There are 2 protein chains.
Amino acid sequence: MALSEPFIKNHDCADCPIRHRAVCARCETDELRELEEMKFYRTFEAGQTVIWSGDRMDFVASVVEGIATLSQTMEDGRTQMVGLLLPSDFVGRPGREIAAYDVIATTTLTMCCFRKKPFEEMMAHTPHIGQRLLEMTLDELDAAREWMLLLGRKTAREKIASLLAIIARRDASLKLATTRRKIVFDLPLTREAMADYLGLTLETVSRQISALKRDGVIVLEGKRHVTVPDFDRLLGETGDDADGGLPT
Amino acid sequence: MALSEPFIKNHDCADCPIRHRAVCARCETDELRELEEMKFYRTFEAGQTVIWSGDRMDFVASVVEGIATLSQTMEDGRTQMVGLLLPSDFVGRPGREIAAYDVIATTTLTMCCFRKKPFEEMMAHTPHIGQRLLEMTLDELDAAREWMLLLGRKTAREKIASLLAIIARRDASLKLATTRRKIVFDLPLTREAMADYLGLTLETVSRQISALKRDGVIVLEGKRHVTVPDFDRLLGETGDDADGGLPT
DNA sequence: TCGCAACCTTGATCGAAGTCAAAACACCGG
DNA sequence: CCGGTGTTTTGACTTCGATCAAGGTTGCGA
């Protein structure tokens, strides 16, 4: 959900097995080395739970590869996704002991982790890192509030269109800025996960996707592969104003 | 929405007309003085707009007295509140030029403001302040996500009960922790504002409040003065687990 | 005191999304 | 190729909250 540059960036580095290095864009090399030395990697299978809400969480991390969801569940089983973690997104809450949400790997997931304690110590004497984190948290807050508008006021069709637009944009930004042209991507979520994200049931999600397909807003190949022939047309279905306004 | 201590605290100070001083709990006196010198106050009438979404916003602020709302509006007029600002809450986004939401005074409102530029400069050489701000932003993020669960998955009755519980708690915490006993407070919002917060219509809000009254969960005197005879009973209506789990 | 304007409540009706149920599809291992 | 499991689609029906439409309160200024 990051508007601004990621906390951690990919790079080309022969000795770095997953082409990934701890990089704060504004930091000096010494700090880089410090971060570099304390990092470690963890991977999870699709469907595995990274952490349960309420558990002690002694690390912070950055998503390297794959997708994870943040969600909350009520006792009776109703669940709501409160965030979608894509590569370069940050997970964890400096200064907090306990995880507030379930983090679940949707696909095979690789995260670049830092033990919380040393990370926090480093933050304390490296203002840039804290500032970077504050910016990213503000971005997440914006995204969460944008989502509140979606959950509280949008119709099912608008919700679906908004989700597709966000995923398309997020996906496209990694490849090429292709606004106003054909966009192709794969849905990283099941219908059920989409429903949990959008505050709908999976049946409604399915029906609305069928409707968008019927109306020619999207083209489906299989269940997951989506082609958007006219991205502006899709944006028009989101209910947002011309520019789309959505962060990410 | 702050779980942790407010960025700015009230205190007793004869030369401070509204008994309010810039205080970062962790800061040294020099920093205090610096903040102290750059602060200024602004007041707004009930109903006045503090700032429009999209406007340049060259200050950050802390609410001293009164209540304001953060909201987003779609072109066709649907609006969703994304935050409620009560005394001690922080407004503004260091590092951001433009306001992302409409900020509207619900009651007469007094804010303690700091020009953004000098405030940011101060942040740059005072890690404590940035850290404090990060913590507060994380709290807001938690609150926003809690609200996503409410908007996406709760019934109208649960939504109303949750809102009442939050206002009651917030209000009570300023006076006395009175969990599990009778709680009395005034609703600071019109039915319409509640509807915009909860993603409902004002008619539904009205009906559900009537229903809670009929069921004895709350007692109303006039339209705004609420008595909760049994706070746990109210919590039971929110759909949250035993403890209520809600931030704030 | 009246009249007006907010604000709130209540009723009747409607419709979007939820629920329940069945069937289609896809993918996998044997 | 088959049966099985998990995902997705589609249909029939229900329901919660929205919409439309009166009325009721309250407070204020003339």
Side-chain angles (χ1 to χ4, degrees), chain A residues 45-48 69 74 76-80 104 106-107 150-164 186-215 218-226 237 239, chain B residues 45-48 69 74 76-80 104 106-107 150-164 186-215 218-226 237 239:
Chain A
E45 305 289 296
Q48 234 188 316
T69 64
M74 301 169 67
D76 63 4
R78 285 176 277 176
T79 96
Q80 175 67 50
I104 299 170
T106 287
T107 62
L150 177 146
L151 290 172
R153 294 304 186 195
K154 289 190 179 179
T155 64
R157 171 180 260 244
E158 288 169 338
K159 287 179 176 184
I160 297 285
S162 300
L163 180 60
L164 293 177
D186 283 298
L187 281 175
L189 301 172
T190 64
R191 302 288 185 259
E192 188 181 25
M194 291 192 237
D196 284 343
Y197 204 9
L198 299 170
L200 298 170
T201 59
L202 70 156
E203 293 95 328
T204 299
V205 169
S206 181
R207 273 187 253 272
Q208 294 299 333
I209 288 181
S210 298
L212 288 174
K213 186 171 69 176
R214 180 166 16 80
D215 299 346
I218 58 174
V219 180
L220 277 187
E221 253 168 291
K223 311 297 181 189
R224 298 293 194 87
H225 191 76
V226 180
E237 297 281 355
Chain B
E45 305 289 298
Q48 235 188 313
T69 62
M74 300 169 68
D76 63 4
R78 283 177 279 176
T79 96
Q80 175 67 50
I104 299 170
T106 287
T107 63
L150 177 146
L151 290 171
R153 294 303 186 195
K154 288 189 178 179
T155 65
R157 171 181 261 242
E158 287 169 339
K159 287 179 175 183
I160 297 285
S162 299
L163 180 61
L164 293 176
D186 283 299
L187 283 174
L189 301 173
T190 64
R191 301 288 186 260
E192 188 181 24
M194 291 192 237
D196 284 343
Y197 205 7
L198 300 171
L200 299 171
T201 59
L202 65 140
E203 292 96 327
T204 299
V205 170
S206 182
R207 271 187 255 274
Q208 294 299 333
I209 288 181
S210 298
L212 288 174
K213 186 170 70 177
R214 180 165 16 78
D215 300 345
I218 59 173
V219 180
L220 279 186
E221 255 168 289
K223 310 298 182 190
R224 299 291 195 91
H225 192 75
V226 181
E237 296 282 356

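Only a predicted model underlies this, so the values are computations on that prediction, with no experimental measurement involved. Letters A, B, ... mirror the listed sequences (proteins, then strands); counts begin at 1.
One axis for each end of the helix from C:dT1-D:dA30 to C:dG30-D:dC1, each built from five base pairs, and the angle between them comes to 30° at 10° resolution.
Rounded to the nearest 0.5 Å, atoms CG (A:Leu220) and OG (A:Ser210) are 8.0 Å apart.
Counting heavy atoms from C-beta on, the side chains of B:Leu164 and B:Leu212 come closer than 4.5 Å. Between B:Asp186 and B:Val226, the closest side-chain pair of non-hydrogen atoms is not below 4.5 Å. Looking only at side-chain heavy atoms (C-beta outward), A:Lys223 and A:Arg191 come within less than 4.5 Å of each other. Proximity of A:Lys159 to A:Leu200: side-chain heavy atoms (C-beta onward) are separated by under 4.5 Å at one or more points.
Smallest separation of non-hydrogen atoms from A:Tyr197 and A:Leu151: O-CD2, 3.7 Å. A:Arg157 and A:Glu237 make their closest contact through NH1-OE1, 2.8 Å (heavy atoms, listed as atom of the first residue, atom of the second, distance).
Residue B:Gly199 is in sugar-phosphate contact alone, with no base atom involved, counting any heavy-atom pair closer than 4.0 Å across all strands shown.
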Produce the list of close N/O pairs, under 3.5 Å, pairing protein atoms with atoms of nucleotides 4-10 of chain C; give distances to one decimal.
unit_1: C:dC8; atom_1: OP1; unit_2: B:Arg224; atom_2: NE; d: 3.0
unit_1: C:dC8; atom_1: OP2; unit_2: B:Arg191; atom_2: N; d: 3.0
unit_1: C:dT9; atom_1: OP1; unit_2: B:Arg191; atom_2: NH2; d: 3.4
unit_1: C:dT9; atom_1: OP2; unit_2: B:Arg191; atom_2: NE; d: 2.7
unit_1: C:dT9; atom_1: OP2; unit_2: B:Ser206; atom_2: OG; d: 2.8
unit_1: C:dT9; atom_1: O5'; unit_2: B:Ser206; atom_2: OG; d: 3.2
unit_1: C:dT10; atom_1: OP2; unit_2: B:Ser210; atom_2: OG; d: 2.7

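Here the P atom of nucleotide C:dA26 and the NE2 atom of A:His225 are 15 Å apart, to the nearest Å. What separates CG of A:Leu198 from C1' of C:dA16 is a distance of 15 Å, to the nearest Å. Here D:dT8 presents its C1' atom at 12 Å from CG of A:Leu187, a figure rounded to the nearest Å. One can place CG of A:Leu200 at 18 Å from P of D:dC16, the figure rounded to the nearest angstrom. Computed from coordinates, the A:Asp196 CG to D:dT7 P distance equals 13 Å when rounded to whole Å. For the pair B:Leu150 CG and D:dG17 P, the computed distance is 12 Å after rounding to whole Å. Between the NZ atom of A:Lys159 and the C1' atom of C:dG18 there is a distance of 12 Å, rounded to whole Å. Straight-line distance from the CD atom of B:Gln208 to the P atom of D:dT15: 16 Å, rounded to whole Å.
When each of B:Thr79, B:Asp76, B:Asp196 is paired with A:Arg153, the side-chain hydrogen bond (donor to acceptor under 3.5 Å, both in side chains) condition holds for B:Asp196 and for no other.
Contacts of B:Thr69 classified as side-chain hydrogen bond (donor to acceptor under 3.5 Å, both in side chains), with partners at least two apart in sequence or in another chain: none.
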